[in-house]
Protein chains: 2
Amino acid sequence: MLPFMNITKALADESRIRILMALHQSGELCVCHLIDLLELAPSTVSKHLFLLKNARLVVARKDGRWVHYRLNDRKSAPQTVVDALAWVARSITDDSVVEADRQRLDHLLTAPLKAGCGS
Amino acid sequence: MLPFMNITKALADESRIRILMALHQSGELCVCHLIDLLELAPSTVSKHLFLLKNARLVVARKDGRWVHYRLNDRKSAPQTVVDALAWVARSITDDSVVEADRQRLDHLLTAPLKAGCGS
DNA sequence: CTCATATTTCGCCATTTAACGAATTATAGG
DNA sequence: CCTATAATTCGTTAAATGGCGAAATATGAG
């Protein structure tokens with residue numbers, strides 16, 4: 001029950017859903033991009049990512065100073081996590097907030113500044 | 001986004017998950033049975049049911065003094081709700097809390113007392 | 001009508017949680 | 001080594017949430 005509740009609680013926040021959808025679109029993002037996208041304090045974003053990682057919805061990859069996050073994949077994620085991610089992606093197909101994030105993220109990723117983290 | 005967040009927030013509480021699983025097993029239950037099952041105050045259970053109903057995860061049927069709740073079905077529920085309920089049921093197959101509830105509920109339903117609410 | 005029962009609504013309190021800033025850790029570059 | 005930057009951890013605060021009891025609502029029974 002506890003692993004499952006960790007997932008439902010992780011999904012019960014709009015910022016974390018936006019993070020999941022951004023990762024769903026972009027595949028992998030470093031924390032600095034998520035900070036720019038959500039316009040929240042680094043410590044706040046870091047905590048959100050901790051909760052998502054704790055629920056096994058995302059995994060982290062450290063690369064020098066940067067940490068890149070991506071959705072957990074079908075190989076290493078429990079079935080419940082795979083199903084949860086599929087459910088979220090399927091449910092949020094045409095939301096205005098997520099659509100705005102998508103466009104904003106495209107700009108952020110193509111901007112020449114902040115390109116240090118590999119994108 | 002708001003309807004979706006209503007669903008995720010509704011799922012982010014153990015008592016509400018136990019309610020959903022009890023309904024999944026029994027098909028339909030009146031509030032008084034859920035009060036006995038969860039051992040929470042009537043006002044607390046009522047609030048949980050309001051949130052579940054508000055998220056469209058359950059529907060209510062009034063029958064005299066009693067109100068019976070059941071999971072929203074494939075006909076009237078949005079696809080996201082149908083998928084959410086399927087995900088929950090699939091994820092909580094062998095949990096000890098839910099299993100204890102199942103046995104407890106069998107006793108409650110077969111007990112001669114409290115039979116007023118029809119089931 | 002009056003009373004009892006089932007449920008909901010409301011107001012309150014305790015706990016949890018999201019947010020921030022400051023301090024800490026880790027790493028790359030000079 | 002020293003500095004700058006990315007990210008996390010920690011402590012605090014404000015808001016949201018779960019719990020209860022009291023009061024209100026609704027309905028059936030006498």
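Protein chains get the first letters and strands the later ones, always in sequence-line order, with residue 1 at the start of each. Being a predicted model, the structure only gives us computed values, none of them experimental.
Nucleotide C:dA19 holds its P atom 13 Å from the CD atom of A:E39, rounded to whole Å. A:E14 places its CD atom 18 Å from the P atom of D:dA15, with the value rounded to the nearest Å. For A:L40 and D:dT8, the CG to P distance is 14 Å, given to the nearest whole Å. If you take CD1 of A:I35 and P of C:dG21, they are 12 Å apart, rounded to a whole angstrom. Spacing between atom CG of B:D36 and atom C1' of C:dT7 amounts to 14 Å, rounded to whole angstrom units. Rounding to whole angstrom units, CD1 of residue B:I19 and P of D:dG18 are separated by 11 Å. One atom, CZ of B:R61, and another, P of D:dT27, lie 15 Å apart when rounded to the nearest Å. Taking atom NZ on B:K47 and atom P on C:dC10, their separation rounds to 11 Å, with Å as the unit.
Contact check for A:F50 versus A:L52: no side-chain heavy atoms found under the 4.5 Å cut-off. Using a 4.5 Å heavy-atom cutoff, the side chains of B:W87 and A:I7 are in contact. Annotation: side chain of B:Y69 is in contact with side chain of B:K53 (closest heavy-atom distance under 4.5 Å).
At the phosphate of D:dG19, OP1 or OP2 sits under 4.0 Å from a side-chain N or O atom of B:H48. Phosphate proximity of D:dG11 to A:S43: absent, as no side-chain N or O sits under 4.0 Å from OP1 or OP2. Residue B:Y69 places no side-chain N or O under 4.0 Å from the OP1 or OP2 atom of C:dA6. Proximity of B:S46 to the phosphate of C:dT8: a side-chain N or O atom is located under 4.0 Å from OP1 or OP2.
Side chain of A:T44, nearest nucleotide from C:dA19, D:dG18, D:dA7: C:dA19. In the set C:dA18, D:dA7, D:dC20, D:dA7 carries the atom at the smallest distance from any side-chain atom of A:V67. If you check D:dT8, C:dA18, D:dG18 against the side chain of A:P42, the one that comes closest is D:dT8. Across D:dA7, C:dT17, C:dT7, the shortest atom-to-atom separation from the side chain of A:K9 is found for C:dT17. Nearest to the side-chain atoms of A:C30 among the listed nucleotides C:dA19, D:dA7, D:dG19 stands D:dA7.
In the hydrophobic clustering of ILVMFWY residues, with side-chain heavy atoms under 4.5 Å counting as a link, A:V98 and A:L71 come out together.
Atom CZ of B:R74 is surrounded by 12 or fewer heavy atoms from other residues, nucleotides or ligands within 6.0 Å.
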Applying side chain to side chain contact (heavy atoms under 4.5 Å, CB included), run through B:R18 and B:L38 and close with a yes or a no. CA-CA 8 Å; B:R18 289 171 65 195; B:L38 299 175; 3.6 Å; yes

Could you run down nucleotides 25-30 of chain C 5' to 3' and tag each one B, S or - for protein heavy-atom contact under 4.0 Å? -SBS--

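Side-chain contact of B:T110 with B:D106: a donor-acceptor pair under 3.5 Å is absent, judged by distance alone.
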